[in-house]
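Side chains are part of it too, since the values below use all heavy atoms of this structure and drop only hydrogens, waters and symmetry mates.
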Amino acid sequence: YTTADIDQLFVNQNAECAYCCDDISSSYTVDHITPLARGGSNWSSNLTLACGSCNDSKCDRLLGSEWRGRYGAIQIGPLLATAAFIREAA
């Protein structure tokens, strides 16, 4: 992935964490939706921006089946929810 990919994610996500929707305008981490350790890639389609707390909490777990969010229930932002739906439909 490139810096331009990350910049575009930041704009598309409206400076919000993809998982909890907290403001990430001052600090964010790049998260692999499917972790590298679980067969994920570095392609931009497998990346999202997250707050440090969500990224640390998620670690190398899969969304939904292994990680339900920091608060015990996934609060996935609209952009990530749409991306996940598109991947499942393909």
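- Side-chain N or O atoms of Asn46 include one that pairs as donor or acceptor with a backbone N or O of Thr34 at under 3.5 Å.
- Pairs engaging residues 42-52 under the salt bridge (Lys or Arg N to Asp or Glu O under 4.0 Å) rule: none recorded [sequence neighbours left out].
- At least one side-chain heavy atom of Leu9 sits less than 4.5 Å from a side-chain heavy atom of Ile6.
- Not a single side-chain hydrogen bond (donor to acceptor under 3.5 Å, both in side chains) links Asp56 to another residue, sequence neighbours left out.
- Listed here is the closest heavy atom pair of Cys17 and Cys51: SG-N, 3.3 Å.
- Contact detail for Thr29 and Gly52: the closest heavy-atom pair is CG2-CA, 4.0 Å.
- The side-chain hydrogen bond (donor to acceptor under 3.5 Å, both in side chains) check on Ser27 picks up nothing, with sequence neighbours excluded.
- Here CG of Asp60 is found 10.0 Å from CG of Leu36. Values are rounded to the nearest 0.5 Å.
- Of all non-hydrogen atoms in Thr48 and Ala18, the two that sit nearest each other are OG1-CB, 2.9 Å.
- Here Ser26 pairs with nothing under the side-chain hydrogen bond (donor to acceptor under 3.5 Å, both in side chains) rule; sequence neighbours left out.
- In this structure, CG on Asn55 lies 10.0 Å from OG on Ser53, to the nearest 0.5 angstrom.
- Screening residues 27-50 for salt bridge (Lys or Arg N to Asp or Glu O under 4.0 Å), with sequence neighbours left out, gives Asp31-Lys58, Arg38-Glu66.
- Under a 3.5 Å cut-off, the side chain of Gln13 and the backbone N or O of Leu49 do form a donor-acceptor pair.
- Residues meeting the side-chain hydrogen bond (donor to acceptor under 3.5 Å, both in side chains) test with Asn42, sequence neighbours left out: His32.
- A continuous path of Ile, Leu, Val, Met, Phe, Trp and Tyr side chains, each step under 4.5 Å between heavy atoms, connects Phe10 with Val30, placing both in one hydrophobic cluster.
- For Tyr1, there are no ring-ring contact (aromatic ring centres under 6.0 Å, His included) partners two or more places apart in sequence or in a different chain.
- The salt bridge (Lys or Arg N to Asp or Glu O under 4.0 Å) contacts involving residues 1-12 comprise nothing, where partners must be two or more places apart or lie in separate chains.
- Asn14 meets the side-chain contact (heavy atoms from CB on, under 4.5 Å) test with no other residue; sequence neighbours excluded.
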